[in-house]
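Notes to accompany the following structure.
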Amino acid sequence: MTPHPVLALIADRLASASRPGAREDDARLAVVLEGGSSRAAYGGGMVEALESRGVLPAVDAVYGSSAGALNGAWLVCERVAAGVHGWWEPVVTNGVIDVRRALRGGALVDTDHLVDHVYERITPMGYAEILASDVEFHPLATDAMTGESTDLAPFVSSKGDLQAALRATTRMPVLGGPPVSLGGRTFIDAGIAESVPALTAWAQGATHLLVLRTTSPDHVRRPAGRLERGVVARWMTRHAPGAAAAWLRREETKAEAERLLAGDRHTLQIAPPAHGPRISRVGRSEATLRTAVRLGRAAADEVLAPLDQERIA
């Protein structure tokens, strides 16, 4: 059977030991990671499968939205195996997602705690390795004043910038606190404008995409109810007036991206299995999240199995 073009490219690059910036081909391979807050536990298992096969040197760039950017950061710094347990460990999940804190007027989903405490003391993130990597790291966010999907890579030149970018890409409206400032602009969660950052990857020259999903490509979210629309509208008016329209049309934007992804022969998508548990954006069940990581790993292992051969013919 003819191998998928993405797997064939990865296999050829690994066999020839080519490196980012010194390729023997004209392709640009991007790993694209969908967000989804707690659902990105599936993506945690997927990047674990990539790391276990040593795929990173074959990759030119990593693009991530929201929690997908967190998984992308772990992949680029090559610390997935050491940090993947953070997806289910109660000391992490209960610190980041805390209803009692929200009742006291704080953020329900506190990614400041995640970046400043968890990624420093519990599951250390390799910030220096990311900054020094030849593999480009592109965390995305939604511009609070324009609603545009924005690549934050041009704003990142230090550890502090990178930490701010991780806060920005995951700053959920209403649940996560005020927008994050970076480069003289303010940003909120990437998923508002581009939940699967394939369009940005293509716009920046990607020829091949390996897309790691946290939902099935044909998944349609339940439309927001009147109460949710009202709460989000008030929050947007106060904190991110330019992003309100992007939030309202997010399903149309996603549908167009899905159409383009499905029609591109140089795109390979890996999605969670249909029987996998449904996880809310603020899910924190240890058993459920551990299962999601395991199933994400298994889904990726199945798709990537041809790479376990010495070379794809």
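Quick caveat, the model's predicted, so the values are computed rather than measured.
In this structure a side-chain-to-backbone donor-acceptor pair under 3.5 Å is present from S285 to T288. In this structure, the side chain of S133 does not engage the main chain of E129 through any donor-acceptor pair within 3.5 Å. With hydrogens and angles ignored, the 3.5 Å screen pairs a side-chain donor or acceptor of S280 with a backbone N or O of G283. In this structure, R79 contributes its side chain and P124 its backbone to a donor-acceptor pair below 3.5 Å. Side chain of R121 to main chain of V118: no donor-acceptor pair is present (N/O by atom type, distance under 3.5 Å, no hydrogens or angles). Without hydrogens or angle criteria, E51 side chain to V80 main chain gives a donor-acceptor distance under 3.5 Å. A donor-acceptor pair is defined here as one N or O able to donate and one able to accept, closer than 3.5 Å; such a pair exists between the side chain of D60 and the backbone of L29. Of the possible donor and acceptor atoms, none in the side chain of R13 sits under 3.5 Å from a partner among the backbone N and O of S18. With hydrogens and angles ignored, the 3.5 Å screen pairs no side-chain donor or acceptor of R238 with any backbone N or O of R234. Between the side chain of H4 and the main chain of T267, a donor-acceptor pair closer than 3.5 Å is present.
Ion pairing between E194 and K254 fails under the 4.0 Å rule for side-chain N and carboxylate O. Under 4.0 Å is where a charged nitrogen must lie from a carboxylate oxygen, and between D301 and R294 no such pair does. Between R213 and E258 there is a salt bridge, with a side-chain nitrogen of the basic residue lying less than 4.0 Å from a carboxylate oxygen of the acidic one. For the pair R19 and D134, the salt-bridge criterion is not met [side-chain N within less than 4.0 Å of a carboxylate O]. Under a 4.0 Å N-O distance rule, the pair E120/K159 qualifies as a salt bridge. Between D98 and R100 a salt bridge is recorded (basic side-chain N to carboxylate O distance below 4.0 Å). With salt bridges taken as basic N to acidic carboxylate O contacts below 4.0 Å, one links E256 and R259.
Note that CG of D112 is 13.0 Å distant from NE2 of H117, once rounded to the nearest 0.5 Å. In this structure, CG on D12 lies 11.5 Å from CZ on R23, to the nearest 0.5 angstrom. Atom CZ in R171 sits 11.5 Å away from atom CG in L166 (nearest 0.5 Å).
Applying the side chain to side chain contact (heavy atoms under 4.5 Å, CB included) test between R167 and each of D116, L182, L114 identifies D116 as the sole match. Remark: of the listed residues L152, L131, I130, I130 is the sole one forming a side chain to side chain contact (heavy atoms under 4.5 Å, CB included) with F137.
Counting heavy atoms from C-beta on, the side chains of T123 and H85 come closer than 4.5 Å. Between V109 and V96 the shortest side-chain heavy-atom distance falls below 4.5 Å. Between T200 and S149, the closest side-chain pair of non-hydrogen atoms falls below 4.5 Å. Between R53 and L304 the shortest side-chain heavy-atom distance falls below 4.5 Å. Residues F155 and F187 meet the side-chain proximity criterion, which asks for heavy atoms closer than 4.5 Å. Between M145 and P241 there is a side-chain heavy-atom pair separated by less than 4.5 Å.
The minimum heavy-atom distance linking W87 with S38 is given by the pair CZ3-O, 4.1 Å. In terms of heavy atoms, E228 sits closest to R281 at OE2-NH2, 4.2 Å. Heavy-atom minimum distance, I10 versus L210: CD1-CD2, 4.5 Å. Of all heavy-atom pairs spanning N71 and G44, the tightest one is ND2-N, 3.3 Å. G64 and T169 get closest at one heavy-atom pair: O-OG1, 4.1 Å. In terms of heavy-atom proximity, P139 sits nearest to A69 at CB-CB, 4.1 Å.
With hydrogens and angles left out, the side-chain atoms of S66 and D189 include a donor and acceptor closer than 3.5 Å. For the residue pair E34 and T215, a side-chain donor N or O sits within less than 3.5 Å of a side-chain acceptor on the partner. Under the 3.5 Å distance criterion, with hydrogens and angles disregarded, no donor-acceptor pair is assigned to the side chains of R28 and T207.
Enclosure of atom CD in E302 is not indicated, since only 12 or fewer non-hydrogen atoms of other residues, nucleotides or ligands lie within 6.0 angstrom.
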Walk me through it: do H138 and Q204 pass the test side chain to side chain contact (heavy atoms under 4.5 Å, CB included)?
-> CA-CA 11 Å; H138 298 267; Q204 295 185 3; 3.4 Å; yes
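The aromatic rings of W235 and H239 are tilted relative to each other, their planes meeting at an angle between 30° and 60°.
Aromatic pair W74/Y119: centroids less than 6.0 angstrom apart.
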